Engineer: 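A single structure is presented below for examination.
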Number of protein chains: 2
Amino acid sequence: MRILVVEDEPTLQAQLVEALAAAGYVADRAENGIDAHFLGDGETYDAVLLDLGLPRMDGITVLKKWRAAGRTMPVLILTARDSWHEKVAGIDAGADDYLAKPFHMAELLARLRALIRRAGGHASAEIACGPLVLDTRIGRVLADGQTLALTGHEFRVLAYLMHHQGEVISRSDLVEHIYAQDFDRDSNTVEVFIARLRKKLPAGMIETVRGLGYRLAAPGGPT
Amino acid sequence: MRILVVEDEPTLQAQLVEALAAAGYVADRAENGIDAHFLGDGETYDAVLLDLGLPRMDGITVLKKWRAAGRTMPVLILTARDSWHEKVAGIDAGADDYLAKPFHMAELLARLRALIRRAGGHASAEIACGPLVLDTRIGRVLADGQTLALTGHEFRVLAYLMHHQGEVISRSDLVEHIYAQDFDRDSNTVEVFIARLRKKLPAGMIETVRGLGYRLAAPGGPT
DNA sequence: CGGATGATGACGCCACGATGACAGCCGACG
DNA sequence: CGTCGGCTGTCATCGTGGCGTCATCATCCG
């Protein structure tokens, strides 16, 4: 999962990015409204953390522009305590959730998980697929009750597939959701990670759809 | 564990810091409300001892400001005997416990242990993790019933890990909770102490999570 | 049968972490 | 007041895991 963090205060930004990394996400950063708008418009994110008080372009404006351009990724707004009018404005502008500063990192992560989960149409914090269970709260995948020992990128690939199980996911989709901003797309890294995952997973879970991409499904399960 | 001591009377402050050091804690000091507020807001403490009668800013005010800013560390208020109204005000302001002067150092330490324990969600004064048992009352760690001969810093590292067993603890977390205020963070001391601890502990208890930190867990324990 | 697409084993780089050695500091003790 | 020994922080070195690349092999389809 790839997150855009829009926050002009460097300390908080660093804390956010670190916490996201610890939770298994990849994060891009923006320090001002212009950059934020550009990234959110051009790149692909699974969610956005958006501070409202930004240099160069206000957060609300950025959000409105994204929505007007048809961008639908979940947006979680961060702002100062007690500014309920900002909350109203944010929700009017198309925010999906709202968190007042100061907040606990754990709460932010919980809300973020909920947003991403809902965007994928999942109700529970645990996403299952055949023998696999992804526990989004602790960032682990269990296969038949056993924790899988996955590296960071392996986990991200698998988590993305599990969030979109049954769908065919193209290589470029995976690259966009797994790597931060600047990454050389001309390589076969995705194939390599799929291969590494297959070795660690029960056989037959990752299906190849020739010419299109991959699909995760329980063997013998829903097509 | 790192404690903030807010006390303007020099003799008592020195006694407190000394007693804390003997119990295995590291302490920062503040002599007035302004400094206290600044430290408690910017640094990371596992608990605060807060005298109420302070120069420059009243203790209650300091506490209220911390709470309003989202700081949740346990605070133990110290004040003169029989001023029950201060006790009420302190608890309203978000204090976790209250101790009237004069007090016995042993009682203060006991209450402090209880606060820190509860903040970590532990019920008992003894915290176990596999073959290890941390007795917070006497500041010792037993491995299979044998007392481990640990130096001050080794003990602090291990105690912090035991209080947060199962969680991944980053290097910066450890530094913040083990060293007093001013410490050069650009060094590999943490790695060194982890290595020294590993030599004294049963094998496999401290797990390295690459890029994130360390995790303490009983081998073969909770997945 | 041949071309294209994907799979996979092997390799090597790089950064992070582990660890042994050492030297400064400080307190204990004579 | 001097010496000794135990803690600690620093450094240099070594080991290793993660990851991207490549070459080769398998497979599918026209």
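Just so it is clear, the model here is predicted, and its values are computed rather than measured. Sequence lines set the chain letters: A, B, ... in the order given, protein chains first and strands last, and positions in each chain run from 1.
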Engineer: Within this structure, what is the CD-to-P distance between A:Glu154 and D:dC19, rounded to whole angstrom?
Structural biologist: 7 Å
Engineer: With nearest nucleotides of DNA chain C determined for A:Gly211 and B:Arg171 from heavy-atom distances, which residue corresponds to the more 5′ nucleotide?
Structural biologist: A:Gly211
Engineer: For the residue pair B:His177 and B:Tyr160, categorise the inter-ring angle as parallel (less than 30°), tilted (30 to 60°) or perpendicular (more than 60°).
Structural biologist: parallel
Engineer: Within the structure, does a side-chain N or O atom of B:Thr208 lie under 4.0 Å from either OP1 or OP2 of C:dC16?
Structural biologist: no
Engineer: Step by step, would you call B:Val133 with B:Arg140 a side-chain contact (heavy atoms from CB on, under 4.5 Å)?
Structural biologist: CA-CA 8 Å; B:Val133 179; B:Arg140 293 231 184 98; over 6 Å; no
Engineer: Using a heavy-atom cut-off of under 4.0 Å over every strand shown, decide if A:Arg196 touches base, sugar-phosphate, or nothing.
Structural biologist: base
Engineer: Hey, is the side chain of B:Lys199 poking within less than 4.0 Å of OP1 or OP2 on C:dG20, counting only N and O atoms?
Structural biologist: yes
Engineer: What nucleotide among D:dC11, D:dC22, C:dA18 has an atom nearest to a side-chain atom of B:Val192?
Structural biologist: D:dC11
Engineer: A:Leu197 CG to C:dG6 P: how many Å, rounded?
Structural biologist: 17 Å
Engineer: Under the side chain to side chain contact (heavy atoms under 4.5 Å, CB included) test, which residues partner B:Arg111, sequence neighbours left out?
Structural biologist: B:Leu76, B:Asp97, B:Leu99, B:Glu107
Engineer: Can you tell me how far P of D:dT8 sits from NZ of B:Lys200, to the nearest Å?
Structural biologist: 9 Å
Engineer: Distance check needed: C:dG17 P versus B:Arg215 CZ, whole Å only.
Structural biologist: 15 Å
Engineer: Whole Å only: how far is the CD1 atom of A:Ile206 from the C1' atom of C:dT8?
Structural biologist: 14 Å
Engineer: Rounded to the Å, how far apart are A:Phe193 CZ and D:dT21 P?
Structural biologist: 10 Å
Engineer: Could you run down the sub-3.5 Å N/O contacts of the protein with nucleotides 12-18 of chain D?
Structural biologist:
none

Engineer: According to a strict under-4.0 Å criterion, is B:Ser187 in side-chain N/O contact with OP1 or OP2 of D:dT10?
Structural biologist: yes
Engineer: If the cut-off is 4.0 Å, is A:Tyr214 near the phosphate of C:dT5, judged by side-chain N/O to OP1 or OP2?
Structural biologist: no
Engineer: Apply salt bridge (charged side-chain N to carboxylate O under 4.0 Å, His left out) to A:Arg137 and A:Glu126, showing your working.
Structural biologist: CA-CA 8 Å; A:Arg137 287 165 306 209; A:Glu126 293 186 350; 3.2 Å; yes
Engineer: If I take atom CD in residue B:Glu191 and atom P in nucleotide C:dA15, what distance separates them, rounded to the nearest angstrom?
Structural biologist: 16 Å
Engineer: Are A:Lys101 and A:Asp51 ion-paired here, with the side-chain N under 4.0 Å from a carboxylate O?
Structural biologist: yes
Engineer: Identify the heavy atoms of A:Thr208 and A:Tyr214 that sit nearest to each other, and give their distance.
Structural biologist: OG1-CE2, 3.7 Å
Engineer: Whole angstrom is fine here: how far is it from CG in B:Leu174 over to C1' in D:dT8?
Structural biologist: 16 Å
Engineer: Considering just the side-chain nitrogens and oxygens of B:Tyr179, establish if one lies under 4.0 Å of OP1 or OP2 belonging to D:dG9.
Structural biologist: yes
Engineer: Distance check, rounded to the nearest 0.5 Å: A:Arg2 atom CZ versus A:Thr44 atom OG1?
Structural biologist: 6.0 Å
